[in-house]
Protein chains: 4
Amino acid sequence: MTVDTVPSPVRLKAVAAKGQPDPSPALEQLYRGFERELLVPLWTEIGDLMPQSPRSKAMPHLWRWDRLVELAGEAGRIVPVGRGGERRAIALANPGLGGKPFATPTLWAAIQYLMPGENAPEHRHTQHAFRFVVEGEGVWTVVNGDPVRMSRGDFLPQAGWNWHAHHNAASAPMAWIDGLDIPFSYYTESQFFEFGRERIGTTEMTTPEISRSERLWGHPGLRPLSQPDAPSATPLLAYRWVDTDRALADQLALEEEGHAATLSPGHAAVRFTNPSNGRDVLPTIRTEMHRIRRGASTVTQREVGSSVYQVFEGTGSVTVGDKQWAVRRGDMFVVPSWTPFTAQCDATGDATLDLFRFSDAPIFEALHAHRAHSGDLA
Amino acid sequence: MTVDTVPSPVRLKAVAAKGQPDPSPALEQLYRGFERELLVPLWTEIGDLMPQSPRSKAMPHLWRWDRLVELAGEAGRIVPVGRGGERRAIALANPGLGGKPFATPTLWAAIQYLMPGENAPEHRHTQHAFRFVVEGEGVWTVVNGDPVRMSRGDFLPQAGWNWHAHHNAASAPMAWIDGLDIPFSYYTESQFFEFGRERIGTTEMTTPEISRSERLWGHPGLRPLSQPDAPSATPLLAYRWVDTDRALADQLALEEEGHAATLSPGHAAVRFTNPSNGRDVLPTIRTEMHRIRRGASTVTQREVGSSVYQVFEGTGSVTVGDKQWAVRRGDMFVVPSWTPFTAQCDATGDATLDLFRFSDAPIFEALHAHRAHSGDLA
Amino acid sequence: MTVDTVPSPVRLKAVAAKGQPDPSPALEQLYRGFERELLVPLWTEIGDLMPQSPRSKAMPHLWRWDRLVELAGEAGRIVPVGRGGERRAIALANPGLGGKPFATPTLWAAIQYLMPGENAPEHRHTQHAFRFVVEGEGVWTVVNGDPVRMSRGDFLPQAGWNWHAHHNAASAPMAWIDGLDIPFSYYTESQFFEFGRERIGTTEMTTPEISRSERLWGHPGLRPLSQPDAPSATPLLAYRWVDTDRALADQLALEEEGHAATLSPGHAAVRFTNPSNGRDVLPTIRTEMHRIRRGASTVTQREVGSSVYQVFEGTGSVTVGDKQWAVRRGDMFVVPSWTPFTAQCDATGDATLDLFRFSDAPIFEALHAHRAHSGDLA
Amino acid sequence: MTVDTVPSPVRLKAVAAKGQPDPSPALEQLYRGFERELLVPLWTEIGDLMPQSPRSKAMPHLWRWDRLVELAGEAGRIVPVGRGGERRAIALANPGLGGKPFATPTLWAAIQYLMPGENAPEHRHTQHAFRFVVEGEGVWTVVNGDPVRMSRGDFLPQAGWNWHAHHNAASAPMAWIDGLDIPFSYYTESQFFEFGRERIGTTEMTTPEISRSERLWGHPGLRPLSQPDAPSATPLLAYRWVDTDRALADQLALEEEGHAATLSPGHAAVRFTNPSNGRDVLPTIRTEMHRIRRGASTVTQREVGSSVYQVFEGTGSVTVGDKQWAVRRGDMFVVPSWTPFTAQCDATGDATLDLFRFSDAPIFEALHAHRAHSGDLA
């Protein structure tokens, strides 16, 4: 074939503007040549491609948990779960991203919903995933044959290329959120996927309180000598709320006792890490839990890369760029790249504001492209 | 504001298909709810988002060097170089990527052109860049005040956030290619840019044969003790053709003498590396030079991530997926993610086929997502 | 001064032996020249210096806990603790190491003893240290102002250059073991030492159940975001027996349920690791707890580098090279470099055999010099 | 056997001294108990074991090259080279180290001497080694079958566990220096050794100008894609004087042109590094070449760990602790741990002072134990 047979999607227009060549017949002729040869000059695109700092196409946006649960429940009644569709997962579609099911340019965030007795079939994929449970219980995720209980506050990382299925062993539906790097692997075209068994075996249908992975890797600072290295993703399949809650409470208590333990006054935070190397649980996704004391605020921060938050508990207000929302349990919102973010816990009531966060920061750290700025942004 | 005021870009359609719920009024109503709430289910998108292996939107495509040079020359006559447009660079627009100036989903490839006496103004950006010179000479790239000569066969990495300008000190125009990670930083929204001086100082206008960076870092295996670590990108600003050529010739000679030195029979290859740590010269871009002996072929390979090639010397044929082209000096072509690639040097004539290659492999290696497969792809 | 004024310690003797030059007057004269010039030929020393595999000068040896405690108690009565002597620590002196207080060529192992109300003064040193408590309680080690309780089964790493003191808050004496890399830093001449306060402050005299370091770093897989990286040594100052015991019990239970969780049948083991990076708690010392099921044995292993073991609980027999001992709680023994080691738990009684081990393996791993061989050594 | 049958090498003496318990019959009885049980208290040893900063047993010392060559030549006449003795190597024995052939506590330094036509038989060992040639030529070191020429100024690293032999292809004797980590592996008991062929094959007896390793790895910044990673030691077997000389000259020239390129005014320096990762060529030995401009001095420096220097060219004076020597070509001297060192090039004549240095710094860096202090030591 010849190169000329490809119909060109390139469209160029000479305009009178600063930094642009003056429109002229010669320029028009040049642009027609560019179109024909599938070429685009830098000078017409540089403003969009090379801004002085990130200008995200994603928008700050909030999804209310009650609306998510309501629609997921309707889907539970009319959309079956099975091979092909794979999961009853409903993804946040950032209004700035053209209707794609992408919460941010790199992150997928969805509510998944499983009816009593239902099973989501086994598969595996290179996309990294996690589950986080804001409420409910009764579902087990079975990872390479290891059943992992899911209960309120639990965080379950699911590193790429591990077989996994879900089954609801309870008599009520259950909803939780899934986070994945689907948009990142979609844009970079690096995905693999494989179907597993239609149904996991009966021995995998057991519902132990504690998974085998936790019995091997869930003891603080203790490495099981029988297990191989796990450089790329955590071998620990569940991080239980009881531990996360105690870690955050300890930080606030230490702060009260006069010791350096919090990120800023009243702001405790932990990162979920791979116990085999102390790094992020997943190569592309950072996950954290933040706790803000009654009446306290976080220091405003902006960071390269995007985040999705879910309110785990408490009420407060969050400011994302020029948006501000009052938030409560389950609400999810997006902080686009380099957009300033502040959270504040309500001063009334006795609860703290607990925020689950996930972001794409490990991508930028691995590539030496991470930048963050805290405090006054003037 | 309320969340409802955002006009939804989501459009969902119930269709009768395997793995999809049966169309029904209830399903239509559910989809309207999804649209209203900015939600998209996995089950309608999974085929596109989670293929069994990467299905690149980018297409294999070839650009002929003579056409590139001709259009760049026309641009040289009618498009000035200066602040705002910044560079007379004309980028390859992959026909599968909607007219955007992206050679692949992650890589930018452009021909840059400078007229005699012209100066491209100083700036810096976090995007990583390099120059490769397929023909010509006379331009110096000035990096943080260090003038670096550009001559045929030279490779000049240009790590992010270093000040740089170009000036043509010769009496003829000069063209070369630029490679950058503009698409990657565009999709991940991680770019910073800053203008520098309109004109570099006169002491930087000198035209030394050898840059200061080469005098410090260009001696094999010798590290200058006065210089700091350079973990994120190479401190060596030029890799000269005389070295590259000798390294490739040595490999073929060693192979002839019976020693293991080539990637496969008749296929020599070197990677440009950071002398301070042996890693890729840039965090996001791998760069290599390949030499194929007269009549020899490479082993067919597919790899996660995309590549752009430029023929440096010789004639041969290349096969990219279902496309095949006869190629000669300067021709550029794209190998999309997971697309099989083979190159063959013509059996007539005495030249080898020398191919310059750049790819996004370091991104995937850093994130433990790299995969490659050589040989029989049946 | 001239070089000749140094009295030579070199003594060379010509002997008739394989690989040696034949004795002759000329050879004697040559040797006198070598002695005068402070020279030694390889050919007379190669057998000692370059054996085919490590031939340790250290000998397998066992110290009985009751004898250690008895002598430490006598020392408690007549040797005060204070500045200058610094600690009432009594070190194992391997019989092969010339009377030096070295358990092995790289490791120091001592019993330390503190009377009721006593204080060991604050100091710091670059030598890395730990405490392990085989019995008793009542002492707090204060590290940089953080009081850390010491109770049976607890492991307290003490990385180099941190201020530390001990005080006995109980009404009974307490003994525990100290492990350090004193011999290694002695031979490599890399030690620094600094005196601290004579007495720690009263607020540091408190006796909290849980140290501040545990409240920050002791939650499994959770990293406190307020704390800096700790690449060289663990920030977690106590590893509690309740966790260690449960981790070992879990491994044996998993093995019984049919899952891969033990090093070999009936042999569970954990390594104490730095939660910030998953590596050994100290740069030069590896620490582990092993549990052998009733009647089970470990697989015989030999390894480059030396180990010291202490029996934590249970009875059994251990074989070190050509030595074999019946062991019980508190007994300590040495496994020299490359010496085969096997442990067996008694088949009678219901206890497991729990062995605390420390070794110099991180030194060899860091220098790419580690070797180990398991199983049949024929 | 019982533990009591080992004759105790421990000898303890009660003395009246600060920090020591008062002599008494009870103390004497306690010490006898310690001796019997192979125990040594910390309080009698702490001054020797835990000094405030390293107090090296090694002494600053100088060996004159002409004396080394003279004695090596005598050895060449009367001591044959062959299996058993393995090498005609004569080691520097530091006067502080008891007559052992150790230049420092960790480093071996020897002159090796080969008569015309002689062959040193093939062997391999885990000790890391290098050769440095201060004068002469004609010997080839054959590493895993790759003959490597040795000429004045060349540096040849020889990583552990590679087969190697030497043969003198010239009509004159040749001397060079060997550096190894023999003392370090001796104290840490981590050595393996294996005999190879008595005589290398005839194809390995060739005398190429350039080794195969150089043809693969000796091109600046270029990595041969056919070769595996070499994390533990350099794959480049020769660093040629022409490169080292040019690198040093470039630094001094850049300094003259006003650019930051030297360690301090008039003091250029390069480190020999592994081109595959930029790290030291050997895991335990750092190697560098320093050049001091006529009349210039280095900044006084002290560093944890020890060094051996050889004067490559020029004349000057060196100060090591309280010793000072006028030095000339070939002279070797030792800088013990934490001992201040300064070198000065003579102000007369036109030569620079070129110093080859090797040290044990990588050991301390790998173990986070490195410390250095430059400048005023008051």
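Per chain, numbering begins at 1; letters A, B, ... match sequence-line order. Predicted, not measured: the structure shown is a model, and the values here were computed from it. As a basis for the values below, the full set of heavy atoms in this structure was taken, side chains included, without hydrogen atoms, waters or symmetry mates.
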Among [options], which has the most heavy-atom pairs under 4.5 Å with chain C?
{"options": "Pro51(D), Gly19(D), Ser337(D)", "result": "Pro51(D)"}
{"options": "Ala58(D), Ser190(D), Ser24(D), Gly160(D)", "result": "Ser190(D)"}
{"options": "Thr284(D), Ile46(D), Leu68(D), Asp48(D)", "result": "Asp48(D)"}
{"options": "Pro105(D), Gly96(D), Gly84(D)", "result": "Pro105(D)"}
{"options": "Phe102(D), Phe192(D), Trp43(D)", "result": "Phe192(D)"}
{"options": "Ala72(D), Ser56(D), Gly33(D), Gly47(D)", "result": "Ser56(D)"}

### For the student: nearest non-hydrogen atoms of Pro23(C) and Val15(C), plus distance
CG-C, 3.6 Å
Of the backbone (N, CA, C, O) and the side chain (C-beta and beyond), which part of [X] lies under 4.5 Å from a heavy atom of chain D, both, or neither?
{"X": "Leu97(C)", "result": "neither"}
{"X": "Thr126(C)", "result": "side chain"}
{"X": "Ala91(C)", "result": "both"}
{"X": "Leu27(C)", "result": "both"}
{"X": "Ala369(C)", "result": "neither"}
{"X": "Val10(C)", "result": "both"}
{"X": "Leu39(C)", "result": "both"}

### Query
Mind checking whether His123(D) and Phe193(D) have ring centres under 6.0 Å apart?
yes
### Distance flag, aromatic centroids of Trp108(D) and Tyr186(D), threshold under 6.0 Å
no
Is it the case that the side chains of [Y] and [X] hold a donor-acceptor pair, with the cut-off being a distance below 3.5 Å and no angle test?
{"X": "Gln191(D)", "Y": "Ser185(D)", "value": "no"}
{"X": "Gln324(C)", "Y": "Thr319(C)", "value": "yes"}
{"X": "His370(C)", "Y": "Glu303(C)", "value": "yes"}

### Query
Is a salt bridge present between Lys13(D) and Glu28(D), judged by a nitrogen-to-oxygen distance below 4.0 Å?
no
### Message
I'd like to know if Glu70(D) and Arg67(D) make a salt bridge, using a cut-off of under 4.0 Å between side-chain N and carboxylate O.
### Response
yes
Give, as side chain, backbone, both or neither, the part of [X] having an atom under 4.5 angstrom from any heavy atom of chain C.
{"X": "Gln20(D)", "answer": "neither"}
{"X": "Asp22(D)", "answer": "neither"}
{"X": "Pro362(D)", "answer": "backbone"}
{"X": "Thr106(D)", "answer": "side chain"}
{"X": "Leu49(D)", "answer": "both"}
{"X": "Pro80(D)", "answer": "side chain"}
{"X": "Tyr187(D)", "answer": "both"}
{"X": "Leu71(D)", "answer": "both"}
{"X": "Val304(D)", "answer": "side chain"}
{"X": "Leu282(D)", "answer": "neither"}
{"X": "Arg371(D)", "answer": "side chain"}
{"X": "Glu45(D)", "answer": "side chain"}

Using modelled atom types and a 3.5 Å cut-off, is there a donor and acceptor pairing between side-chain atoms of [X] and backbone atoms of [Y]?
{"X": "Ser306(D)", "Y": "Pro336(D)", "answer": "no"}
{"X": "Trp63(D)", "Y": "Glu37(C)", "answer": "yes"}
{"X": "Arg87(C)", "Y": "Pro121(C)", "answer": "yes"}
{"X": "Thr339(C)", "Y": "Val335(C)", "answer": "no"}
{"X": "Asp181(D)", "Y": "Leu107(D)", "answer": "no"}

Out of [options], return the one with the most heavy atom pairs under 4.5 angstrom to chain D.
{"options": "His368(C), Glu189(C), His128(C)", "value": "Glu189(C)"}
{"options": "Ala93(C), Pro283(C), Ala366(C), Ala233(C)", "value": "Ala93(C)"}
{"options": "Lys100(C), Lys57(C), Glu86(C)", "value": "Lys57(C)"}

### Query
Taking everything shown except Glu194(C) itself, do over 12 heavy atoms lie less than 6.0 Å from its CD?
yes
### Message
Around atom CZ of Arg286(D), are there more than 12 heavy atoms from other residues, nucleotides or ligands closer than 6.0 Å?
### Response
yes
### Query
Do Ile182(C) and Met50(D) have side chains that get closer than 4.5 Å, going by heavy atoms?
yes
